[in-house]
Structures are given as structure tokens and as C-alpha cells.
> 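Dumping the structure here so I can ask a few things about it.
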Amino acid sequence: MRNVIQYVFTMHRLSKVHPPDKTVLDNITLAFLPGAKIGVLGYNGAGKSTLLRIMAGVDREIRGDAALAPGASVGMLEQEPLLHESKDVRGNVEDGVAETKALLDRFNELAANYSEETADEFGEIQARIDAATHGTSTPGSNTRWTRCACRRATRRLHPVGGERRRVALCRLLLRAPDLLLLDEPTNHLDAESVAWLEQHLAEYKGTIARSRTTATSSTTSPAGSSELDRGAGSL
């Protein structure tokens with residue numbers, strides 16, 4: 001029996017038009033394998049960010065089909081990430097593991113009051129925690145990306161700049177989505193942070209799609225051309 005390829009994300013004959021009649025993406029077909037690392041290249045305004053937002057499920061005003069694999073998760077770093085201004089650096093980072101932290105709190109509550117009535121829930125939560133933390137005791141603790149982002153964990157966020165990007169990246173990477181979408185992720189990052197990000201992405205187990213802006217030239221392909229149609233590239 002022939003094996004059926006399970007793509008983490010597919011897009012078929014998709015088009016995106018900004019009113020009244022500006023075509024940004026035209027007849028795009030993509031299919032990403034799990035674990036692939038994809039570079040989306042194009043000049044400013046070619047539609048790179050739009051493509052990633054559609055893949056993230058943020059932009060649904062489209063023609064054609066776009067589908068994430070059943071059960072797969074997706075996360076996106078936008079060029080201007082939204083953070084909670086009322087929280088400090090650590091508070092924003094920990095938002096990335098809020099769901100798992102809630103599981104840990106419930107696990108500890110059940111462990112302290114273990115009974116036959118709660119045994120099934122206890123086992124289910126333990127399995128979900130193991131899957132989310134890959135067997136570590138505390139999600140996101142003592143990792144190089146947490147230390148890099150939380151240089152001053154209790155300070156308030158800078159209104160602009162590299163710290164906000166580090167915090168947003170850290171929050172997203174701690175979630176470890178199956179499909180990771182990065183819109184020009186090295187913007188505003190210093191050399192140490194870029195090296196930290198490159199090392200982590202080299203070890204990342206999910207699928208990565210990253211946008212890059214190139215200078216406009218005769219070799220730069222607009223959205224809708226063969227570079228996007230192939231769904232292939234390098235990171």
C-alpha cells in the first residue's frame with residue numbers, strides 16, 4: 001500500500017486581493033512537509049507578510065484553499081508583535097507556557113489529594129504535561145532562549161527595539177508550535193540574539209517558514225511566481 005504524505009500545511013490555488021482591486025497573491029500553491037525549513041523571499045510589498053498571516057489563520061479573507069494539518073499547532077512572530085504592556089518581561093515570556101503551567105497547577109492539586117476518583121484525570125494530565133514539556137519538570141525553565149530573553153526579567157518593556165522582539169520570540173518558541181512562522185525575525189536583534197536564534201532554529205523539530213526581504217532586482221520574484229509556487233527554499 002502506497003504511503004500517503006502528510007503535509008503540515010497546504011495551500012491550493014490561493015489568491016489574496018486588497019480592496020478595491022490590488023492583487024497581492026495570485027494562484028499560489030504550497031505544501032510543507034513536517035520538519036521543513038522554508039525561506040520566503042521577495043521585495044517590500046511582494047506579499048510575504050500576507051502569506052504568513054494566511055498560513056497562521058489570521059487573515060481569512062482569501063480565495064482558494066489553505067489548511068493546517070488536523071491536530072497541528074501554528075504560531076507566528078509578526079514584524080510588530082503584540083505584548084502585554086502591563087506585564088514585565090518575565091510575565092510576557094511566561095504567557096508562552098500559560099496553558100502548560102495551568103496543567104502543572106492542576107497536576108499538583110490532584111497529586112496532593114490523590115484518589116481513585118481522580119486517577120484517570122491525573123494520568124491524562126500527566127501525559128499532556130510530558131508531551132508539552134518533553135519530559136522536563138518545568139516548561140521553559142533554565143533554557144538558553146529564556147535566559148537570553150529575560151536579561152532583566154522584572155523590568156517593564158521598552159516601547160520599541162530588540163528587547164520586545166526577544167521577548168516575543170521567546171514566548172513563541174516556548175510554545176513550540178508544529179508550524180513556526182517568522183516574519184523577518186532578526187529585525188532589531190543584536191549579534192548575540194541572532195546567534196541564539198540561529199542555534200535554536202537549527203535544532204527546531206517543527207516546520208519553519210521565514211520571510212526575507214531582498215533588494216529589488218531582475219532576479220527577485222514577486223509573490224505568485226515560481227519561488228512561492230514551489231514552496232521550497234532555505235533558511
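Keep in mind it's a predicted model, so treat the numbers as computed, not measured. Hydrogens, waters and symmetry mates play no part in the numbers below; they use all other heavy atoms, side chains included.
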> I need the W196 CH2 to L201 CG distance, nearest 0.5 Å.
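Answer for the CH2-CG pair, W196 versus L201, is 8.5 Å.
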> If you measure from CZ on R210 to CG on L197, what distance do you get to the nearest 0.5 Å?
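It comes to 7.0 Å.
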> Mind listing the closest non-hydrogen atom pair of P177 and L172 along with its distance?
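Scanning both residues, the minimum pair turns out to be CD-O, 3.7 Å.
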> Considering all heavy atoms of both residues, which atom of K37 and which atom of Y204 are nearest to each other, and what is their separation?
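Closest approach of K37 to Y204: NZ-O, 3.7 Å.
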> Please identify each residue that fulfils salt bridge (Lys or Arg N to Asp or Glu O under 4.0 Å) with E184, with sequence neighbours left out.
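So E184 forms no salt bridge (Lys or Arg N to Asp or Glu O under 4.0 Å) with any residue.
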> Is a donor on one side and an acceptor on the other found under 3.5 Å between the side chain of T10 and the backbone of A31?
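Absent.
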> To the nearest 0.5 Å, tell me how far S15 OG sits from N27 CG.
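Answer for the OG-CG pair, S15 versus N27, is 5.5 Å.
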> Checking D183 now: which residues fulfil side-chain contact (heavy atoms from CB on, under 4.5 Å) with it, not counting sequence neighbours?
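Checked D183 against side-chain contact (heavy atoms from CB on, under 4.5 Å); matches are S49, L52, M76, Q79, S211.
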> Would you check if V74 and M55 make a side-chain contact, meaning some heavy-atom pair closer than 4.5 Å?
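Side-chain contact under 4.5 Å: no.
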> Using every non-hydrogen atom in the two residues, find where Q6 and A69 come nearest and quote the distance to one decimal.
NE2-CB, 3.7 Å
> Sequence neighbours left out, what passes salt bridge (Lys or Arg N to Asp or Glu O under 4.0 Å) with R13? Give chain and number order.
none
> Apply side-chain contact (heavy atoms from CB on, under 4.5 Å) to residues R53 and E78 and explain how you reach the verdict.
CA-CA 8 Å; R53 287 173 62 83; E78 300 206 46; 2.6 Å; yes
> To the nearest 0.5 Å, what is the distance between CG (L77) and CG (N187)?
9.0 Å
> Does any part of the side chain of L169, heavy atoms only, come nearer than 4.5 Å to the side chain of L189, both counted from C-beta?
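In short, these two side chains touch, coming nearer than 4.5 Å.
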> Which heavy atom of Y7 sits nearest to which heavy atom of P34, and what is that distance?
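Residues Y7 and P34, closest heavy atoms: CA-CD, 4.4 Å.
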> Does any N or O in the side chain of R165 come within less than 3.5 Å of the main-chain N or O of P185, such that one atom is a donor and the other an acceptor?
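Present.
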> Pairs in or reaching into residues 54-73: which pass salt bridge (Lys or Arg N to Asp or Glu O under 4.0 Å), with residues at least two apart or in two chains?
K16-D59
> Measure from the side-chain N and O atoms of T207 to the backbone N and O of G35, and report whether any donor-acceptor pair falls under 3.5 Å.
yes
> For V40 and K48, which heavy atoms make the closest approach, and how far apart are they?
O-CD, 3.5 Å
> Name the orientation class of the two ring planes belonging to F122 and Y114 (parallel below 30°, tilted from 30 to 60°, perpendicular beyond 60°).
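Ring orientation, 0 to 90° scale: perpendicular.
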> Is it the case that one hydrophobic cluster holds both V58 and L25, taking links as side-chain heavy atoms less than 4.5 Å apart, direct or via other members?
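Different clusters.
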> Check side chain to side chain donor-acceptor pair (under 3.5 Å) between S73 and all other residues, then give those that pass, not counting sequence neighbours.
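For S73 the side chain to side chain donor-acceptor pair (under 3.5 Å) partners, ignoring immediate neighbours, are D178.
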> Applying side chain to side chain donor-acceptor pair (under 3.5 Å), name anything that partners T118, two or more places apart in sequence or on another chain.
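Checked T118 against side chain to side chain donor-acceptor pair (under 3.5 Å); matches are S115.
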> According to side-chain contact (heavy atoms from CB on, under 4.5 Å), who are the partners of E121, at least two apart in sequence or on a separate chain?
R106, L110, I125
> Who passes salt bridge (Lys or Arg N to Asp or Glu O under 4.0 Å) against E80, sequence neighbours left out?
none
> In the single-linkage hydrophobic clustering (I, L, V, M, F, W, Y; side-chain heavy atoms under 4.5 Å), do V194 and L180 co-cluster?
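Looking at the clustering, L180 is in the same group as V194.
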> Go through the steps to decide whether I54 and I28 satisfy the test side-chain contact (heavy atoms from CB on, under 4.5 Å), and finish with yes or no.
CA-CA 12 Å; I54 291 171; I28 302 297; over 6 Å; no
> Please round to the nearest 0.5 Å and tell me the distance separating atom CD1 of I38 and atom CZ of F9.
12.0 Å
> Over all heavy atoms of both residues, which pair between L14 and A66 is shortest? Give the atoms and the distance, please.
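Reported closest heavy-atom pair: CD1-CB, 3.8 Å.
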> Please enumerate all residues that pass salt bridge (Lys or Arg N to Asp or Glu O under 4.0 Å) together with D21, with sequence neighbours excluded.
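D21 satisfies salt bridge (Lys or Arg N to Asp or Glu O under 4.0 Å) with no other residue.
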> Is it true that, when you exclude D120 itself, more than 12 heavy atoms of the residues, nucleotides or ligands shown sit nearer than 6.0 Å to its CG?
no
> Any heavy-atom pair between the side chains of R166 and D190 that's under 4.5 Å?
yes
